[in-house]
Amino acid sequence: GAGVSQSPSNKVTEKGKDVELRCDPISGHTALYWYRQSLGQGLEFLIYFQGNSAPDKSGLPSDRFSAERTGGSVSTLTIQRTQQEDSAVYLCASPRLGQATSGANVLTFGAGSRLTVL
Amino acid sequence: GENVEQHPSTLSVQEGDSAVIKCTYSDSASNYFPWYKQELGKRPQLIIDIRSNVGEKKDQRIAVTLNKTAKHFSLHITETQPEDSAVYFCAASYPGNQFYFGTGTSLTVIP
C-alpha cells in the first residue's frame, strides 16, 4: 500500500495474556522499524528489519518481546505474558523512497497500536 | 552506536515569537537529519529534513541548520502560531542504518 498500516489500533488485554501487533509497511520497501511510545514519552527503539532479518534488535526490552517478518513485508510484534508496564503505543515505521528533497529515504510512521494491559 | 541528544525538553513561547530546538549527535557517519512533529494522539509526521552536504534548509516558517564539525543541528520556527504546539523529535541516520531519535521537545505556543 501507499502507507504504513497497523492493527489493531487499540488492544486491551489482561495481565499475563499474549498479544500480537501487526504492521504492513510501504509496499516494496525492505526496511521496517518498531518503536514504543509510553504516555508523554519519546520514541523507544525496539527492533529494525532489513528484509526478513533483524540486524538490530537491541531495543527489545525482555525475552517476552519478539518480532518476525516474513516475505519481506508484514511484520508481527509479539508480547508474551503481558505486564502493565507494557502499556504503550507501538509504532511501526517504513522508509518511503524519494519523498525528501534530500534524496534520503523518509521514515513514515503508521498510526500505531495502543496497548493497554489491565 | 549513534547517540542523539535534544534540548530543551519543554519550551513555551508567545505567539509570534521564534522557537529554537537543538540536537547533537555522536556518529560522524550520520548524514541525514529529519525533524518530526507529533500532535497529541497522532503519529509523528516529517516536517523538514536536511542532509549533511547542506548547511541550512528553509520551508516557509521552519528552517533547519546543520553544523557537521560540531555535530549539531537545530530547528527554527519563526512567527509561531498556536497550531505549532506539539512535540518535536529530531533524528539522525545514515544509509542502511536505523534512525536514532532525540527525546523530544514539547512546544507550547501561548496565544
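Please read all numbers here as calculations on a predicted model, not as lab measurements.
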Is there side-chain contact between B/Tyr32 and A/Leu107, with at least one heavy-atom pair below 4.5 Å?
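No. Closest side-chain heavy atoms not under 4.5 Å.
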
State plainly whether one hydrophobic cluster holds both [X] and [Y], where clusters connect Ile, Leu, Val, Met, Phe, Trp and Tyr through side-chain heavy atoms under 4.5 angstrom apart.
X	Y	value
B/Tyr25	B/Val54	yes
A/Ile26	A/Leu21	no
B/Phe101	A/Tyr33	yes
B/Ile77	B/Phe33	yes
B/Val20	B/Val64	no

Which residues in residues 63-71 of chain A have any heavy atom lying under 4.5 Å from a heavy atom of chain B?
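Residues in range: none.
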
So if I take each residue of residues 43-50 of chain A and look for any heavy atom under 4.5 Å from a heavy atom in chain B, which residues do I end up with?
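Hits under 4.5 Å: A/Leu43, A/Phe45, A/Tyr48.
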
So for atom [atom1], which belongs to [X], do other residues, nucleotides or ligands contribute more than 12 heavy atoms lying within a distance under 6.0 Å?
X	atom1	result
A/Leu118	CG	yes
B/Glu79	CD	no
A/Arg114	CZ	no
A/Glu85	CD	yes
B/Glu83	CD	yes

CD on A/Gln37 to CZ on B/Arg43, rounded to 0.5 Å
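Between B/Arg43 CZ and A/Gln37 CD, I get 13.0 Å after rounding to 0.5 Å.
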
Which atoms of A/Ala31 are under 4.5 Å from chain B, going by heavy atoms: the side chain, the backbone, both sets, or neither?
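A/Ala31 has no heavy atom closer than 4.5 Å to chain B.
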
Pick one of side chain, backbone, both or neither for B/Gln6, based on which atoms fall under 4.5 Å of a heavy atom in chain A.
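Neither part, no heavy atoms under 4.5 Å.
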
Given heavy-atom pairs under 4.5 angstrom as the criterion, report whether the side chain, backbone, both or neither of B/Pro44 touches chain A.
both

Which heavy atom of B/Phe89 sits nearest a heavy atom of A/Gln41, and at what distance?
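That would be CZ-O, 4.2 Å.
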
Taking every non-hydrogen pair under 4.5 Å, which of A/Gly42, A/Gly110, A/Pro55 racks up the most with chain B?
A/Gly110

